[in-house]
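Below, read A as the first sequence line, B as the second, and so on, with proteins coming before strands; counting in each chain starts at 1.
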2 protein chains.
Amino acid sequence: MLRQTKKERQRLLSETIAENPFVTDEQLATQFQVSVQTIRLDRMELAIPELRERIKDVASKTYENEVKSLPIDEVIGEIVDIELDNRALSIFDVKEEHVFQRNGIARGHHLFAQANSLAVAVIDDELALTVHSNITFVKPVRAGDRVITKAIVVGRDDENHRTKVELTSTVNGETVFVGEFDMYRTKGKGEQQ
Amino acid sequence: MLRQTKKERQRLLSETIAENPFVTDEQLATQFQVSVQTIRLDRMELAIPELRERIKDVASKTYENEVKSLPIDEVIGEIVDIELDNRALSIFDVKEEHVFQRNGIARGHHLFAQANSLAVAVIDDELALTVHSNITFVKPVRAGDRVITKAIVVGRDDENHRTKVELTSTVNGETVFVGEFDMYRTKGKGEQQ
DNA sequence: GTTGTTATTAGCACTTGGTACTAATATCAG
DNA sequence: CTGATATTAGTACCAAGTGCTAATAACAAC
């Protein structure tokens with residue numbers, strides 16, 4: 001072969017373009033010391049679109065995201081059972097939009113959101129805020145999984161307006177997430193910040 | 001004047017392009033019922049670049065803050081500065097949809113999401129997952145607040161694929177959130193490419 | 001009405017970064 | 001040496017423009 005095998009060049013070409021989609025065929029031709037036509041043949045074989053299309057793709061991806069801001073709304077997960085100041089249960093179906101594209105594992109903050117929502121909901125008070133929490137992601141959760149989260153109120157200190165809630169999330173009976181939440185509540189004694 | 005004053009058309013033109021930078025002069029000409037040349041004169045007077053430049057701008061904005069371990073679109077808040085495996089900074093503007101209607105205080109999981117996203121992003125690895133975290137909501141955050149979150153990688157244990165990241169969020173210089181995140185990463189020592 | 005000014009439209013050459021296609025040449029393997 | 005594969009060259013064409021000149025059109029003022 002010449003300077004480099006075709007295969008090797010195409011491998012590097014893919015990488016180069018992935019790293020910097022803004023590169024033109026001409027620049028690539030110079031870089032790999034081949035003709036522009038060769039680069040074009042390579043792109044065709046590798047099904048890599050032309051510069052403008054690549055840029056457009058990058059741009060439209062950003063644009064979609066800027067518009068939608070955040071998909072987390074009111075309560076994450078559906079509360080199916082609740083006994084105020086005692087315990088609560090919610091269900092959250094993990095979908096494609098909740099997972100990392102790269103590895104299909106649910107982003108931690110969605111599991112946290114479900115737990116946090118439930119911790120807030122279980123407090124029988126007008127105002128409940130999370131003050132502190134200690135959480136562990138035990139096992140990866142994937143799209144299609146149904147996460148069942150259980151909140152149990154384990155302690156209450158009205159002196160300091162605090163309530164402690166323990167959260168456990170499971171998928172098919174297996175624990176995937178555990179957390180301890182310290183919640184602030186107004187009721188009990190007076191003021192608020 | 002004709003159908004519309006020049007001023008009014010140019011005002012709408014700016015708006016239209018701001019809303020959708022992907023529109024061509026021809027489409028604009030049809031929309032405003034004028035010739036393509038008029039649109040071009042308008043763009044020139046308003047100093048609005050051509051379609052391709054606009055798209056390139058949008059694309060490069062995202063690409064500037066390129067993150068190896070994670071496409072930027074999966075991050076809550078905008079990453080404004082990053083030094084992989086060292087530190088990162090993101091900005092998140094709290095809006096009405098992020099707060100409790102009842103008291104106007106931001107829901108904890110939004111702050112967590114920003115912190116968690118940033119903790120994932122700062123890891124220079126293909127796969128980064130939150131394993132454990134200990135967080136404290138120091139002070140309530142409200143709609144309109146601009147939350148600046150800083151992530152600092154404080155420790156790394158490649159034996160166990162773990163990296164510890166410290167997160168601090170501030171609003172107007174005041175700390176509102178702190179957290180310690182234990183992250184899992186695939187690549188251990190010497191496995192960097 | 002005629003004149004002046006601004007606004008609009010038309011047309012042409014040229015640019016970038018390509019596609020699509022054909023044809024020639026180079027390189028290597030058996 | 002021959003055939004397959006790889007590479008290069010060259011042409012016509014496209015989108016979405018820029019830059020330029022020139023012709024109209026619309027309206028306002030005198």
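Proximity of R43(B) to the phosphate of dT18(D): a side-chain N or O atom is located under 4.0 Å from OP1 or OP2. When the side-chain nitrogen and oxygen atoms of S35(A) are compared with OP1 and OP2 of dT8(D), one or more of them lie within a distance under 4.0 Å. Dashed line: the shortest gap from a side-chain N or O of T24(B) to OP1 or OP2 of dA16(D) is not under 4.0 Å.
Taking atom CG of L41(A) as the reference point, atom C1' of dT25(C) lies 14 Å away to the nearest angstrom. In this entry the distance linking NZ of K56(A) with P of dG17(C) reads 15 Å, nearest Å. Between the P atom of dT5(D) and the CZ atom of R9(A) lies a distance of 16 Å, rounded to the nearest Å. Between Q27(A) atom CD and dG18(C) atom P the separation is 9 Å, expressed in whole Å. One can place CD of E26(B) at 9 Å from P of dG17(D), the figure rounded to the nearest angstrom. When the C1' atom of dA6(D) is taken as reference, atom CZ of F32(A) falls 17 Å away, rounded to whole Å. Across the protein-nucleic acid pair, K6(A) atom NZ and dA6(D) atom P stand 4 Å apart, rounded to whole Å. The distance between atom CG of L13(B) and atom P of dT8(C), rounded to the nearest whole Å, is 12 Å.
With dG18(C), dT8(C), dG17(D) as the candidates, the nucleotide lying closest to the side chain of R52(B) is dG17(D). In the set dT8(C), dT8(D), dA6(D), the nucleotide with an atom closest to the side chain of T38(B) is dT8(C). Out of dT18(D), dT8(D), dA7(C), the shortest distance to the side chain of E50(B) is found at dT18(D). Nearest nucleotide to the L51(A) side chain, out of dG18(C), dG17(D), dT7(D): dG18(C).
R54(B) comes within contact range of no nucleotide atom at all, as no heavy-atom separation falls under 4.0 Å.
Residue pairs meeting the side chain to side chain donor-acceptor pair (under 3.5 Å) criterion with at least one partner in residues 132-147 of chain A, sequence neighbours excluded, are D93(A)-R146(A), H132(A)-N134(B), H132(A)-T136(B), N134(A)-H132(B), T136(A)-H132(B).
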How far apart are the C-alpha atoms of S90(A) and Q114(A), what are their side-chain angles, what is the distance that settles it, and do they pass the side-chain hydrogen bond (donor to acceptor under 3.5 Å, both in side chains) test?
-> CA-CA 8 Å; S90(A) 84; Q114(A) 183 188 13; 3.0 Å; yes

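Here R162(A) does not pair with D182(A) in a salt bridge; the nearest charged N to carboxylate O distance is not below 4.0 Å. The pair E50(A)-R40(A) fails the salt-bridge criterion, with no side-chain N (NZ, NE, NH1 or NH2) lying under 4.0 Å from an Asp/Glu carboxylate O.
Counting Ile, Leu, Val, Met, Phe, Trp and Tyr side chains that sit under 4.5 Å apart, directly or through other members, V138(A) shares a hydrophobic cluster with V178(A).
A parallel orientation is assigned to the rings of F112(B) and F112(A), their planes being inclined by less than 30° (bins at 30° and 60°).
A donor-acceptor contact closer than 3.5 angstrom links the side chains of T163(A) and R185(A).
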For nucleotides 20-23 of chain C, tabulate all protein N/O to nucleotide N/O atom pairs closer than 3.5 Å, reporting atom names and distance.
none

